[in-house]
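Everything numeric in this text was worked out from a predicted model, so none of it was measured.
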Amino acid sequence: MATTPRRPFNPKDSAEALFKPAKKVAAPAVERPAIPNTKELVSLKIDSDVLAHFQADGPGWQERINDTLRAAMKASDCS
């Protein structure tokens, strides 16, 4: 007759292995190419009086802020 045990592993070790958290390999970050002429949603902290100035003219204040920032960007590129 065979002398090997029917269960070669320690049942306690087998049970503990079942409850150990599985180690997940983090997926590599995928860089997507930027689509030209798209707007990106951001959170920006600005002074309340600056915000009030741009909102005073009504709807379109976000575009006005964008236009002002673009003008400042172009001005600094020319310097």
Side-chain angles (χ1 to χ4, degrees):
M1 289 211 160
T3 58
T4 58
R6 291 179 65 193
R7 294 185 181 140
F9 300 107
N10 182 351
K12 181 181 175 187
D13 292 340
S14 298
E16 286 179 353
L18 289 174
F19 289 100
K20 285 184 181 176
K23 293 182 181 178
K24 294 183 179 180
V25 177
V30 178
E31 285 195 33
R32 298 181 182 161
I35 299 171
N37 300 324
T38 59
K39 304 221 180 205
E40 187 172 341
L41 179 65
V42 296
S43 176
L44 180 67
K45 290 186 177 188
I46 55 176
D47 293 334
S48 58
D49 59 333
V50 173
L51 180 61
H53 170 77
F54 284 98
Q55 288 180 335
D57 292 334
W61 61 271
Q62 292 170 323
E63 287 81 11
R64 289 191 292 276
I65 290 176
N66 190 61
D67 294 340
T68 303
L69 291 172
R70 183 171 304 284
M73 181 179 71
K74 287 182 181 179
S76 69
D77 288 342
C78 294
S79 301

Is it the case that the side chain of Arg64 and the backbone of Pro59 share a donor-acceptor pair, with hydrogens and angles ignored and the cut-off at 3.5 Å? yes
Contact between Ile46 and Phe54 at the side-chain level, heavy atoms closer than 4.5 Å - yes or no? no
Met73 reachable from Leu44 in the ILVMFWY side-chain graph, under 4.5 Å edges: no
Quick one: pull up CD1 in Ile65 and NE2 in His53 and give me the separation to the nearest 0.5 Å. 9.0 Å
Polar side-chain atom of Asn10 near backbone of Lys12 as donor-acceptor pair, under 3.5 Å: yes
